[in-house]
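Keep in mind that the numbers below use all heavy atoms, side chains included, and drop hydrogens, waters and symmetry copies. We count ligands from 1, going down the list as the structure has it; atoms in each ligand are counted the same way. Given the structure is predicted, the values throughout are model-derived calculations rather than measurements.
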Amino acid sequence: MTTVRLTAAQALVRYLACQWSERDGQRQRAVPGIFGIFGHGNVCGLGPALEEEPGRELAFHQPKNEQAMAHAAIGFARASNLLSTLACTASIGPGSTNLLTGAATATVNRVPVLLLPADEFVGRRGDPVMQALEHPREADVSVNDAFRPLSAYFDRITRPEQLVRSLPDAMRVLLDPAETGAVTLSLPQDVQAEAHDFPAAMFERRTWRVSRRPPAAGELNAAVEALRAARRPLVIAGGGVHYSEALPELAELSERLGIPVTETSAGKGALPGGELALGGVGVTGTRAANALAREADLILCVGTRLIDLTTGSSSLFQDPDVRFVGLNVVARDACKLGALPLVADAKLGLRALCEAADWRAPEEWRERALAERRGWERAVADDLQPRDGERMSQGQALRVLNAAAGPRDWLVVASGTPHVDVHKLWNPGRGERCLMEVGFSCMGGEIPAALGVRMARPDAGEIYVAIGDGTYLMGGTGELVTARQEGLKLTLIVFGNGGYQSIHALQRNRTGRSFGLEFRGLDGNYVEVDYASNARSLGCASYSAETEEQLADALDAAREETGTVVIVVRVERQRLLLDSDCWWDVGVPEHSERPETSALAAVHARGRALQRP
Ligand SMILES: Cc1ncc(C[n+]2csc(CCOP(=O)(O)OP(=O)(O)O)c2C)c(N)n1
Ligand SMILES: [Mg+2]
């Protein structure tokens, strides 16, 4: 057998450089690059391996925060429909634990990222190493064991030759849409630098075929029977529709069978236009979608994890005989809500359903959907009217942004009222893709995720990021500097509303109190922050907009800029869009000395009667 002498780190780099993925004849590098912040643990192991790698096929990118690099890899993977992702290397201790939130975000959302946290010496000669945990009873535990519950796959490489088996396993999980998430290889610092004679065959180009799982005949028949028996069918489309590139099949199913379509946050834009597109569903959805969900007798859930935001904590579906069909590559998602499972790729599953169902939903149901949709559109238009003495609202600003968005533009959102408002009112037909991360809804994920989208889609138009002031302050802004280093452009719209207003609204609606959520000083006054100057100091162009006209002008000007632009919009602080008419359980106190809290808790408790077991 021909062998090549390499350190574990060199072998890892060389292996990743020759992995490819392929689906429907489209091939791409599976891991074309790596983010890294060096410290002890990786600076002399993976560092030189990356620098020396012949041809530098594994492009190196330097972020400013480890959590951010995981978010960037997630954005990259999502914009690549999970067929390609990036690796992330971090130093021992805090560098690696900073990756934990990123690991959770990836695994929760079933999105591939390859995490390479550095770990303590296996040899232990100079222990304890700086930043070591020194667990009192379990000597082999390090902080990296915290990755185990957060990873779709975890391995600690304690000898270089383990890579021969571990790397193919890691790649398999990374590229399997049913299993994927954070794939973590914990790399002790001595092992990274240890040499071994690796089989040369390991470094030959390998293409991983990402196959589309076809529906099994029995499951398909059962699903078709359920559809045929339905009078009021409805689709809930999730992120899986995008990843599977099943938009044409969903549109065809909806049109041919006359089934209205609603969308989760990850599924936003799954049916970007047409009469039967009812928009977001659930707690942050449209009243039109929720009205139909309450009445539907058959819900076809496609590529969705059905989190509480989508189901109104299991309160949304009120037909006593409602049935569910779960079309999903992940069996445990397909079975949720007691659904008839249709474990399959969304594209193949929808196509098969469409072909097999010689049937159409009653015309009254379509009429009902159209009426609800028109009613919602009128209600939103009324709600967005300017109000005397008030600043521009965030909803009004997002409508301006939506009108400015073109077919090649992307929008990235994750948390706060930007998520809520975009899910409710963004018309996805005007942009290429609206990318929402709400599975983990991680504040601070937005800017790095957008960076990852830009890396995956360098030819896209504008990559907009809609972000609250709290989120801007929390994290990710360091990646504006990374964007400059990489020559990549983002366009941020920062909404200044003086606090964590989404949660503040939730607090006021459920407890009648206001506590700890606004940016106020000891004197009670709002603390003003000059976000525009902050962005300029990081090297971005910045604009401020107080009116719809100013915002439209700023968006025009931003399009002409070559570098990153930050547009700061001061909005009416506590003005929300109209609510979605969907209950949500948030753990309201069963006892309080405050009468307003008790009264609201009693109202909230009534919602429990709506929850389906
Ligand atoms: C990392 C993280 N911490 C806390 C939360 C809980 N949370 C969700 S939205 C939000 C407030 C966001 O504030 P901001 O970005 O200003 O948006 P706004 O709500 O004001 O629109 C908080 C604290 C979260 N989702 N993620
Ligand atoms: Mg805010």
Closest protein heavy atom (residue, atom, distance) for [atom]:
| atom | result |
| --- | --- |
| atom 13 (O) of ligand 1 | Y500 CD2, 3.4 Å |
| atom 15 (O) of ligand 1 | T471 OG1, 2.5 Å |
| atom 7 (N) of ligand 1 | M443 SD, 3.6 Å |
| atom 8 (C) of ligand 1 | I503 CD1, 3.7 Å |
| atom 14 (P) of ligand 1 | G470 N, 3.6 Å |
| atom 25 (N) of ligand 1 | S441 O, 2.8 Å |
| atom 21 (O) of ligand 1 | T417 OG1, 2.3 Å |

Ligand 1 contact on D469 by region, counting heavy-atom pairs under 4.0 Å: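 Both backbone and side chain of D469 come within 4.0 Å of ligand 1.
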
Report yes or no: does R430 contribute a side-chain atom to a donor-acceptor pair with the main-chain N or O of A403 at less than 3.5 Å?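 Yes; at least one donor-acceptor contact below 3.5 Å.
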
Got a donor-acceptor contact below 3.5 angstrom from the D383 side chain to the L578 backbone?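 Between the backbone of L578 and the side chain of D383 there is a qualifying donor-acceptor contact (under 3.5 Å).
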
Per-atom contacts, ligand 1 versus N497 - under 4.0 Å to a heavy atom: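 Once the distances to N497 are compared, the set is 18 (P), 20 (O), 21 (O).
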
Considering the heavy atoms of P418, write down every atom of ligand 1 situated less than 4.0 Å from one of them.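 In order of number, 21 (O).
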
Take atom [atom1] in [X]; do more than 12 heavy atoms of anything else shown fall under 6.0 Å from it?
| X | atom1 | result |
| --- | --- | --- |
| R148 | CZ | yes |
| D523 | CG | yes |
| R594 | CZ | no |

Any atom of ligand 1 sitting under 4.0 Å from a heavy atom of G444?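 So G444 does not count as touching ligand 1.
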
Check whether any heavy atom of M474 sits under 4.0 Å from an atom of ligand 1.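 A heavy atom of M474 does come that close to ligand 1.
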
Taking the ring centre of each residue, are F38 and F60 less than 6.0 Å apart?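 Ring-ring flag for F38/F60: true, centres closer than 6.0 Å.
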
Among the N, O or S atoms of D469, the one nearest the Mg ion (ligand 2):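 Among the N, O or S atoms of D469, the one closest to the Mg ion (ligand 2) is OD1.
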
From the Mg ion (ligand 2) out to just under 2.8 Å, does an N/O/S atom of G499 turn up?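 So G499 does bind the Mg ion (ligand 2) by this criterion.
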
Is N497 close enough to the Mg ion (ligand 2) that one of its N, O or S atoms comes in under 2.8 Å?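 Given the 2.8 Å cut-off, N497 counts as a ligand of the Mg ion (ligand 2).
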
Indicate whether the side chain of S313 and that of D585 have a donor and an acceptor atom separated by less than 3.5 Å.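 The answer is no; no qualifying pair exists.
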
Looking only at side-chain N and O atoms, does S415 offer a donor or acceptor that is under 3.5 Å from a partner on E446?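 There is such a pair (donor and acceptor under 3.5 Å, judged by atom type) between the side chains of E446 and S415.
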
Which of these, V108, N109, T107, sits in a side chain to side chain contact (heavy atoms under 4.5 Å, CB included) with T105?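 Of the listed residues V108, N109, T107, the side chain to side chain contact (heavy atoms under 4.5 Å, CB included) partner of T105 is N109.
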
With respect to G416, determine whether any N or O atom, backbone or side chain, lies less than 3.5 Å from an N or O atom of ligand 1.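 There is no such contact.
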
Run the side chain to side chain donor-acceptor pair (under 3.5 Å) check on H419 and S441 step by step: do they pass? CA-CA 9 Å; H419 152 237; S441 191; 5.1 Å; no

